[in-house]
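Below is one structure; the comments refer to it alone.
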Number of protein chains: 2
Amino acid sequence: MFLVSLIPIRPGSASGGGPPERRDAARNRELLLAAARELIDECGADGLTMDKLAERAGVGKGTVFRRFGSRAGLMMTLLSDAEAEFQGRFMFGPPPLGPGAPPLDRLIAFGAGRIGYVLEYGDLARAADHSLYNRFEVPAVVLWHRHIEYLLRAAGFDADPWLMAMSLSATLDPERLLHAVRVHGVSPERLEETWRELVTRVVGSAE
Amino acid sequence: MFLVSLIPIRPGSASGGGPPERRDAARNRELLLAAARELIDECGADGLTMDKLAERAGVGKGTVFRRFGSRAGLMMTLLSDAEAEFQGRFMFGPPPLGPGAPPLDRLIAFGAGRIGYVLEYGDLARAADHSLYNRFEVPAVVLWHRHIEYLLRAAGFDADPWLMAMSLSATLDPERLLHAVRVHGVSPERLEETWRELVTRVVGSAE
DNA sequence: ATACTAAACGGACTACGGTCCGGATGTTAT
DNA sequence: ATAACATCCGGACCGTAGTCCGTTTAGTAT
């Protein structure tokens, strides 16, 4: 089963190609991930700074950035298990999220799944999204986009599915979802219902 | 004609309430705005730093932040004329953007107007959007949201117009629009067309 | 004019993300 | 075992947004 990484750099020992990782590097990665989880437990994802992380893990700051590339890269790594699980569900899992259900049902389920994911991981998901530069070029983000585009096409939506997929993705942006829930008290059910309404109408008129 | 400021702080001598501004403060504001426009001409909006701005204007850094609150606040101030003009058009101007046209036509025109605005001001609009904290609570942003919500209701959309307006707003986010245009070569016409498609379908099925 | 006060000033300071490079370390070929 | 080499390490360093507080100054009352 092919999964697309949330992170653009080597995720460990797997993912073919290059030479294997040196043992000290692997050890430091584990130290860093453990320290990161500790810090997030104590201070929340927003309270994690790269300096604190380096100190806690007992490594230099350069090591942190060599491993993860950026703060967002670190957050993506911490989410990669959950991300892989979600990818597995919408690509190969049971309907309606996985293949087998009508495209519209899959689209609705995809949004609900993504909303649940974002609300579950909260600040972590938001921090992982804050790439600033290539926020839209992260492999996993590209995959979501292509999945939505594919479902739109499958549902018979022919007018610029690529761009419409981009617009629909915008709706699921973690920052916006969390803001709606935390500041305006919107319930997850309302979020899911609005997504359902949105995609139903976008796809529905395409028949 | 009531216009809602893009910036939450006193925009100058007008906007009643508090005591008038001291003359040195007013002079420094003008110095800063002139210096900011110069720097943006020379280095682009992304190349403007608060230190360079303070130095160029010949004032202390503290003064810059007392005036504008943040980098995003400065950018909003620089955009406030254009923003006021846009507000005037969609609230009081001629149809289809202004009142008089059917709600759906106004919605379509609003998106097209906003797309044009974002593409015209580019990095400046993006920088102004980067508040990070209360990005969604800026008065002008709230106004756009309420305008979309109002038009949705007027068009007969009854299922959670507030949240649907938020979803539709997400589509017009400067970062996304600029990314689509600059990285993926999407034309403004395609953006407008997708917006038209989106709101037509959302509103259309509501009858 | 003078004294007084509230506002504004300036720039040193902090916090943070991210970069750099000389030195240390693991891996591998001989 | 040794040498050679690629990789990794650490932490000093940088640029930037934003804060703080002792000092200065504009407006005002006398």
Side-chain angles (χ1 to χ4, degrees), chain A residues 8-10 12-13 17-32 35-36 39 43-77 123 126-135, chain B residues 8-10 12-13 17-32 35-36 39 43-77 123 126-135:
Chain A
I9 56 180
R10 161 179 39 191
S13 49
E21 190 176 45
R22 255 169 59 167
R23 207 169 311 136
D24 52 349
R27 176 182 51 91
N28 280 338
R29 175 195 342 277
E30 296 314 315
L31 283 173
L32 282 166
L39 281 175
C43 320
D46 292 342
L48 182 150
T49 74
M50 301 307 257
D51 291 275
K52 278 201 278 184
L53 174 59
E55 190 190 2
R56 174 70 67 106
V59 305
K61 198 177 178 181
T63 303
V64 182
F65 282 90
R66 195 165 336 91
R67 268 322 118 215
F68 304 109
S70 69
R71 187 172 187 277
L74 166 69
M75 302 300 186
M76 289 179 200
T77 304
D123 296 313
R126 189 161 50 79
D129 204 43
H130 256 303
S131 284
L132 289 146
Y133 9 89
N134 55 351
R135 177 175 158 200
Chain B
I9 55 180
R10 163 180 36 192
S13 50
E21 191 176 46
R22 254 168 60 165
R23 208 170 306 139
D24 53 347
R27 176 182 49 92
N28 280 338
R29 172 190 351 271
E30 296 314 315
L31 283 173
L32 282 165
L39 281 174
C43 320
D46 291 343
L48 181 150
T49 73
M50 301 306 257
D51 290 274
K52 279 200 278 185
L53 174 59
E55 189 190 2
R56 173 71 65 108
V59 305
K61 197 176 180 182
T63 303
V64 182
F65 281 90
R66 195 165 333 93
R67 271 318 120 217
F68 304 109
S70 68
R71 188 172 186 277
L74 167 70
M75 301 300 186
M76 290 180 200
T77 303
D123 296 313
R126 189 161 49 80
D129 205 43
H130 255 300
S131 283
L132 289 146
Y133 9 88
N134 55 350
R135 178 173 157 201

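Below, read A as the first sequence line, B as the second, and so on, with proteins coming before strands; counting in each chain starts at 1. Predicted model only: the values in this text are computed from it and were never measured.
Going from atom CZ of A:F68 over to atom C1' of C:dT19 covers 18 Å, rounded to whole Å. Put simply, CZ on A:R27 is 10 Å from C1' on C:dT25, counting in whole angstrom units. Protein atom CG of A:L53 is 13 Å distant from nucleotide atom P of D:dC9, rounded to whole Å. Atom CD in B:E55 sits about 17 Å away from atom C1' in C:dC9, given to the nearest Å. Rounded to whole Å, the distance from CZ on B:R66 to P on C:dA6 is 17 Å. Distance B:D51 CG to C:dC13 P: 15 Å, rounded to the nearest Å. As a whole-Å value, the separation of A:F65 CZ from D:dG11 C1' is 13 Å. Atom P of nucleotide C:dC16 and atom CE of A:M50 are separated by 12 Å, given to the nearest angstrom.
The B:R71 side chain lies nearest to D:dA17 when the options are D:dA26, D:dA17, C:dG18. Considering only side-chain atoms of B:R67, the nucleotide from D:dG18, C:dA8, D:dG27 that sits closest is C:dA8.
Nearest-nucleotide positions on DNA chain D place B:G47 closer to the 5' end than the other of B:G47 and B:R23. Nearest-nucleotide positions on DNA chain C place A:L48 closer to the 5' end than the other of A:L48 and A:G62.
Counting only heavy atoms from C-beta outward, the side chains of B:E21 and B:R29 approach each other to under 4.5 Å. When side chains are defined from C-beta on, B:L74 does not count as touching B:V64, because their heavy atoms never get closer than 4.5 Å.
Note on A:D123 versus A:R126: salt bridge recorded, some NZ/NE/NH1/NH2 to OD/OE distance being below 4.0 Å.
Atom CZ of A:R67 and atom CG of A:L53 lie 12.5 Å apart (nearest 0.5 Å). Taking CG from B:L39 and CG from B:L48, the interatomic distance works out to 5.0 Å, rounded to the nearest 0.5 Å.
Listed pair B:R22 / C:dA6 fails the phosphate criterion, with no side-chain N or O lying under 4.0 Å from OP1 or OP2. In this model, the phosphate group of D:dG10 is approached by a side-chain N or O of A:T63 to a distance below 4.0 Å at OP1 or OP2. When the side-chain nitrogen and oxygen atoms of B:N28 are compared with OP1 and OP2 of C:dC9, one or more of them lie within a distance under 4.0 Å.
The base of D:dA12 lies outside donor-acceptor range of the side chain of A:K61, with no N or O pair under 3.5 Å.
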